[in-house]
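Scroll down for the structure; my scribbles are underneath it.
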Protein chains: 2
Amino acid sequence: MKLNVSPDIFPPRGHEAKRMSIVDAAASVFCRESFAGANIDMIAAEAGVSRQTIYNHHGDKEKLFIAIVRDLTERCNASIFATISTFPDQPKDLEADLIAFAVRMNHNCICNRDGKFLRKLIQTEGGRYPELFAEWREEGPGRTWPAIAARFARLAHAGFLDIDDPDVAARQFMALANAELQTTFMLGGTPTEDEVVQSATNGVRTFLRAFGKRQHVVRASKQGVLASA
Amino acid sequence: MKLNVSPDIFPPRGHEAKRMSIVDAAASVFCRESFAGANIDMIAAEAGVSRQTIYNHHGDKEKLFIAIVRDLTERCNASIFATISTFPDQPKDLEADLIAFAVRMNHNCICNRDGKFLRKLIQTEGGRYPELFAEWREEGPGRTWPAIAARFARLAHAGFLDIDDPDVAARQFMALANAELQTTFMLGGTPTEDEVVQSATNGVRTFLRAFGKRQHVVRASKQGVLASA
DNA sequence: ACAAATTTAGACAGGCTTGTCTAATTCGTC
DNA sequence: GACGAATTAGACAAGCCTGTCTAAATTTGT
């Protein structure tokens, strides 16, 4: 009798462990060397696995690459949705809460390993596998942007922001939060904690100068942001 | 006696023509295939030149690549400075003039051939030649950002904008103007004219909501977004 | 401890690429 | 038209990489 909880077809457990270490190593090597520059021996060495095992698991280099992108897309999406769920729906301090959200977004979805790798692979190999990356576009941006926009719409509806088009606002929010990190991202670098916070702070302040309720709130005297605490 | 005006060592003129077509083709192929995936025969074919000629001109694949990046950096810098010189110092219609400037920036420096190629090469191969791309960073962003910031500072000083930190404002301006084009850029695509104008328009409007001179003057009763129109 | 499945190291053919070389050809100039 | 420089096509060795194959060693479940 099997005590196997998951309905997977793969019998043992070391098998899955190998599979994961292959995927990890492959992502790293494909990012560092590009698809054409990567070779299976590097990946095998970095995964601590023999070359043949990689072929056993994934068939060939191209199938391996596709598996990596699908894997990264899935994991990144999970991170993004998890982070979106921490969006401040009822902020105590709107500025501070949005800054913290922007910083979380950076940490969990953009600057972390998966985020960096996926971004690099899309940029580098996007042209080579149109259908694969079209798939990413639908599953990724196609689903996450509306989710972020919905949160801003709710915040606006609750009276915290003055937004015409939530979709535009969502994209501008992220663009502003990362405005100072663009050059670093271009070169594949990772910004320091301070840089992330700095960029998020400046970005959110500008965002609130544009979309924050101004004197409307104070005008009626009591229904202010602080009142919700 | 030579009538050669330039002090170059290369005698004829067809020589230079070949050199240029090699550089063009190499940029295109390196971008499409990545450094490792590109091969000299492709470049030779696309340049309409024999393989040996490429070796005569550039020595080897790596030297050729470096020459391409230097060449693109130089040309892109020229475009950027030329475009910066069209910044609206004395705007008649601030919003319209800034939108037009943002659109020019996109056309001449980001969506054009050189801009797309240089960006792609930096993203793709940035990690492989740290010194080369450090050089780009100094010559490119290191010089262009301050130039843009200076223009915004002047505009603020002239009373058109309310800006604390011109460097931050410059980065945020560009980030906002391109906010809606990020996904397209990621995949190496070129946005349509409409998309560029749309993104620039939305970006500049938000920028002006944040930094435009507002109702300080009007505060007493007439303050509306519409008042700024 | 045993049997089945998996992994490993290594060898291997086939293909592709770089960079060199040579001999013939073309180009630009006088 | 003639000269010299540049270009061309093609062959070439050397190296690297993919993907397959084998036989041995290891792991896994019972």
Side-chain angles (χ1 to χ4, degrees), chain A residues 1-26 28-68 124-125 128-129, chain B residues 1-6 8-26 28-68 125 128-129:
Chain A
M1 284 289 170
K2 294 255 186 77
L3 296 180
N4 220 340
V5 192
S6 70
D8 282 339
I9 308 112
F10 308 101
R13 236 163 329 288
H15 196 75
E16 274 308 297
K18 299 260 179 213
R19 185 180 213 86
M20 284 200 306
S21 79
I22 291 171
V23 168
D24 280 358
S28 167
V29 173
F30 278 136
C31 282
R32 206 172 55 237
E33 311 287 344
S34 85
F35 179 81
N39 72 10
I40 303 289
D41 290 308
M42 281 187 215
I43 297 173
E46 198 156 319
V49 150
S50 81
R51 180 173 59 249
Q52 185 59 45
T53 300
I54 295 181
Y55 285 107
N56 288 343
H57 278 259
H58 291 98
D60 66 16
K61 192 181 176 184
E62 183 163 324
K63 290 203 193 73
L64 174 60
F65 177 78
I66 290 172
I68 301 311
T124 305
E125 315 290 347
R128 201 177 318 288
Y129 300 90
Chain B
M1 282 287 171
K2 294 255 186 80
L3 297 181
N4 220 340
V5 192
S6 70
D8 282 340
I9 307 113
F10 308 100
R13 234 162 335 286
H15 196 74
E16 275 307 296
K18 299 260 179 211
R19 183 179 215 87
M20 284 200 305
S21 78
I22 292 171
V23 168
D24 281 357
S28 167
V29 174
F30 278 136
C31 283
R32 204 172 56 236
E33 311 287 344
S34 87
F35 179 80
N39 72 8
I40 304 289
D41 290 309
M42 280 186 216
I43 298 174
E46 197 157 321
V49 150
S50 82
R51 180 172 60 249
Q52 185 59 44
T53 300
I54 294 181
Y55 284 107
N56 288 344
H57 278 259
H58 291 99
D60 66 16
K61 192 181 176 184
E62 183 162 325
K63 290 202 193 76
L64 173 59
F65 177 78
I66 291 172
I68 302 312
E125 315 290 347
R128 201 179 317 290
Y129 300 90

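Just so it is clear: chains get the letters A, B, ... in the order the sequence lines come, proteins before strands, and each one is counted from 1.
Comparing C/dT7, D/dT20, C/dT18 by their closest approach to the side chain of B/D41 singles out C/dT18. Here the side chain of A/V49 is nearest to one of D/dG19, C/dT17, C/dT8, namely C/dT8. Which of C/dG19, C/dT18, D/dG19 sits closest to the side chain of A/D60 comes down to D/dG19. Of all nucleotides listed (C/dT8, D/dT8, C/dT18), C/dT8 comes nearest to the side chain of A/S50. In the set D/dT7, D/dA9, C/dT8, the nucleotide with an atom closest to the side chain of B/Q52 is D/dA9.
Atom CZ of B/R51 is separated from atom C1' of D/dT8 by 11 Å (rounded to the nearest Å). Residue B/I40 contributes atom CD1, which lies 15 Å from atom P of D/dT8 at whole-angstrom precision. As rounded to whole Å, 18 Å separates atom P of D/dC16 from atom CG of B/N39. Straight-line distance from the NZ atom of B/K61 to the C1' atom of D/dC16: 12 Å, rounded to whole Å. Residue A/N56 contributes atom CG, which lies 14 Å from atom C1' of D/dT26 at whole-angstrom precision. For the pair B/E16 CD and D/dA5 P, the computed distance is 18 Å after rounding to whole Å. In this structure, the CE atom of A/M42 is 6 Å from the P atom of D/dC17, given to the nearest Å. Note: CD (B/E33) to C1' (C/dC16) measures 14 Å, nearest angstrom.
A distance of 11.0 Å separates CG of B/N56 from CZ of B/R19, quoted to the nearest 0.5 Å. The structure places NZ of B/K61 at 5.0 Å from CZ of B/F35, a figure rounded to the nearest 0.5 Å.
Taking 4.0 angstrom as the limit, A/K63 places none of its side-chain polar atoms (N or O) nearer than this to OP1 or OP2 of D/dT18. Distances shorter than 4.0 Å separate none of the side-chain N or O atoms of B/K18 from OP1 or OP2 on C/dC27. For the OP1/OP2 pair of D/dT8 and a distance below 4.0 Å, the side-chain nitrogens and oxygens of B/T53 include at least one atom meeting the criterion.
Between B/K63 and B/D60, the closest side-chain pair of non-hydrogen atoms falls below 4.5 Å.
Using a 4.0 Å heavy-atom cutoff across all strands shown, A/A38 reaches sugar-phosphate atoms only and no base atom. Residue A/H57 is in sugar-phosphate contact alone, with no base atom involved, counting any heavy-atom pair closer than 4.0 Å across all strands shown.
No donor-acceptor pair closer than 3.5 Å links the side chain of B/K18 to the backbone N or O of B/A47. Of the possible donor and acceptor atoms, none in the side chain of A/E46 sits under 3.5 Å from a partner among the backbone N and O of A/S28.
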